[in-house]
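First the structure, in the form of structure tokens, and then the observations on it.
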Amino acid sequence: MNKKFYLTTPIYYINDIPHIGHAYTTIAADVLSRFYRNKSYDVFFLTGVDEHGAKIAEAAKVANQEPKEFVDKLVPRFKKAWESLEINYSEFFRTTNLEHEKLAQDFVRQLKDRGFIEKRKYSGFYCIGCEKYLKKDELVDGKCPDHQTVPKKQTEENYFFLLSKLEKKLIQKIETNEFLIEPESRKNEILGKIRQGLEDVSISRANVKWGIPFPGDNSQTIYVWIEALLNYYTATKIYDKKDLWPANLHLMAKDILWFHAVIWPGMLFALDLPLPKKIFAHGFFTINGQKMSKTLGNVLDPNKLVEKFGADAVRYALLREFPFGEDGDISEEKIAQRYEKDLANGLGNLLQRILVMMNKYNVKFEQVGMVDVIGEHEKEMEENLINLKFSEVLTDIWTFYIKPANELIDKEKPWELAIKDQDKLKAFLNYRYQNLVSISKLIKPFMPETAQKMQNQLKTLKPEPLFPKIK
Ligand code: MSP
């Protein structure tokens, strides 16, 4: 039986336009899922959208539509964006799925039955953009620092999830890495915060109508974050995947790590369910040094980038630019530079040159001479990929294989060998050919279409530009 690998992206708020930030996490998940599929794992790759809550209800109101009508219309935007980026997800999750609604209610009911829920009065500052209560010390000049809006002072009676009961258990699972949080620095941050004391979490809303009715109290809905987190689990029931839970990996950015690293495992503990094996919080990126925001008008649209550079180049440039766990900067110019330097003049040029020479000097590939050196490095690169070091893997391929190969052609001057030493020429081209076959395999999870094109051209020996000039 094949081993399973269940990985997830966050479910994105449906009212947002799918932007390059969402694309970043989703591309990373896609690369991993392709890698594990190639390794014959049964991969289940889940992505989707978060459709309930005050934020969506407000957006629907502004659009003068019923919330359900509103969200239905927005789903294709995400699906189209993922299609254009060659995202090969297994299922696209929607939280308005009726089965999810029933399963989420069922989960909350069980929390109640096990004594993990209590009704209490609560008053706090609610930020609709974050869909959460902010503490006073989190506000900057009275505003939410992420959304630059003044949160609403709210007092209501809510149902609370008694997370504080689970503090010790959670610390133990994180410390022993049984529940693995990466990168290490984020894990330490989370541990530090938990040690300051866990508070119980309000998990219902009295004044949000657009949501799943709270079991046993129709006057409230389940807090949107609670049912959103539950998508990872309810999906395993909805798609009837036996033994799929626990997830092997939840991917997200650092903005929503607390929910995934603390509240989510708490909910699972309460029902004695296994925790996900690992969660990884990658960095946040800025655009040309500035925070990406609608107000600044600098939001990068993946569809436009794909139109200009092609899906593979966008996938490559985003994952190559900076290490996955760190913050970084991206811009259209940076993508354009990568396209020209690394892809067109680097990889594309290398393939073109070797194939042109094989044609010109009539060299057919035979397994002679040295064995390809990449084979020996493959294990190391796979290890890096398993550890989500996407940027390192790509940097290695370009630094150790593509760049030196192009330089070697300039140095060895095969066109001179063609006159002097036919055997040497043959060995040279054969070796470089093998090298290209290996490169095509290594880049395949990152750049599936390019890898396929390379493999076709290596078969037919007909060179065609992999990365044409951008108009
Ligand atoms: N709906 C919740 C998630 C629920 S998951 C159970 C949500 N949605 S979101 O639309 O705001 O998506 C947040 C996620 O989008 C981040 O965690 C990250 O994966 C991605 N990113 C959004 N902006 C980003 C950057 N500027 N940089 C990197 N990733 C970004 O939160």
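Start at 1 and go down the list; that is how both ligands and their atoms are numbered.
Here the protein heavy atom with the shortest distance to atom 23 (N) of ligand 1 is His19 CE1, 3.4 Å. Here the protein heavy atom with the shortest distance to atom 3 (C) of ligand 1 is Ile11 O, 3.2 Å. At the shortest separation from atom 31 (O) of ligand 1 among protein heavy atoms lies Ile256 CG2, 3.6 Å. Nearest to atom 19 (O) of ligand 1 among the protein's heavy atoms is Thr25 OG1, 2.6 Å. Protein heavy atom closest to atom 14 (C) of ligand 1, with residue, atom name and distance, is Tyr12 CE2, 4.0 Å. Taking atom 10 (O) of ligand 1 as the reference point, the nearest protein heavy-atom neighbour is Tyr13 N, 3.1 Å. In this structure, atom 20 (C) of ligand 1 lies nearest to the protein heavy atom Gly21 O, 3.5 Å.
Taking the centre and axis of the six-membered ring of Trp225, the NZ or CZ atom of Lys132 falls outside the cone set by 45° and 6.0 Å. Under the 6.0 Å distance and 45° angle rule, Lys169 counts as a cation-pi partner of Phe269.
Below 3.5 Å of separation, one finds an N or O of Phe285 facing an N or O of ligand 1. The shortest N or O to N or O distance between Pro10 and ligand 1 is not below 3.5 Å. Between His260 and ligand 1, no N or O atom pair is found at a separation short of 3.5 Å. On a distance-only criterion, Asp255 and ligand 1 share at least one N/O pair closer than 3.5 Å.
Under a 4.0 Å criterion applied to the non-hydrogen atoms of Met292, ligand 1 contributes the atoms 26 (N). Each of the following atoms of ligand 1 lies closer than 4.0 Å to a heavy atom of Asp50: 1 (N), 2 (C), 4 (C). When each atom of ligand 1 is checked for a heavy atom of Ala228 under 4.0 Å away, the hits are 6 (C).
At least one heavy atom of Gly283 lies less than 4.0 angstrom from ligand 1. Using a 4.0 Å cutoff on heavy atoms, Trp225 counts as a contact of ligand 1. In this structure, His282 has a heavy atom closer than 4.0 Å to ligand 1. Residue contact check for ligand 1: Leu229 places a non-hydrogen atom closer than 4.0 Å to it. Distances shorter than 4.0 angstrom do not occur between any heavy atom of Lys291 and any atom of ligand 1.
A centroid separation of 6.0 Å or more is found between the aromatic rings of Phe125 and Tyr133.
A salt bridge does not link Glu99 with Lys237: every distance from a Lys NZ or Arg NE/NH1/NH2 to an Asp or Glu carboxylate oxygen is 4.0 Å or more. Salt bridge present: Asp272 and Arg114 bring a charged side-chain N and a carboxylate O closer than 4.0 Å. At a threshold of 4.0 Å, the pair Lys187-Glu182 does not count as salt-bridged, since none of the basic side-chain nitrogens sits closer than that to a carboxylate oxygen. Salt bridge absent: Glu383 and Lys389 never bring a charged side-chain N and a carboxylate O closer than 4.0 Å. For Arg315 and Glu86, the salt-bridge test fails: no basic side-chain N is under 4.0 Å from an acidic carboxylate O. Using a cut-off of 4.0 Å between Lys/Arg side-chain N and Asp/Glu carboxylate O, Lys165 and Asp200 are scored as not salt-bridged.
Note: Asp72 CG to Lys68 NZ = 3.5 Å, rounded to the nearest 0.5 Å.
With hydrogens and angles disregarded, a donor-acceptor distance shorter than 3.5 Å links the side chain of Glu51 to the backbone of Thr95. Distance alone, capped at 3.5 Å, is enough to place a donor-acceptor pair between the Asn298 side chain and the Ser293 backbone.
Test Phe309, Phe446, Trp398, Tyr339 against Tyr316 for ring-ring contact (aromatic ring centres under 6.0 Å, His included) and you get one pass: Trp398.
Comparing heavy-atom distances from atom 25 (C) of ligand 1 across Tyr232, Tyr24, Phe284 singles out Phe284 as nearest.
When heavy-atom distances to ligand 1 are checked against a 4.0 Å cut-off, Thr9 has no atom that comes that close, whether in backbone or side chain.
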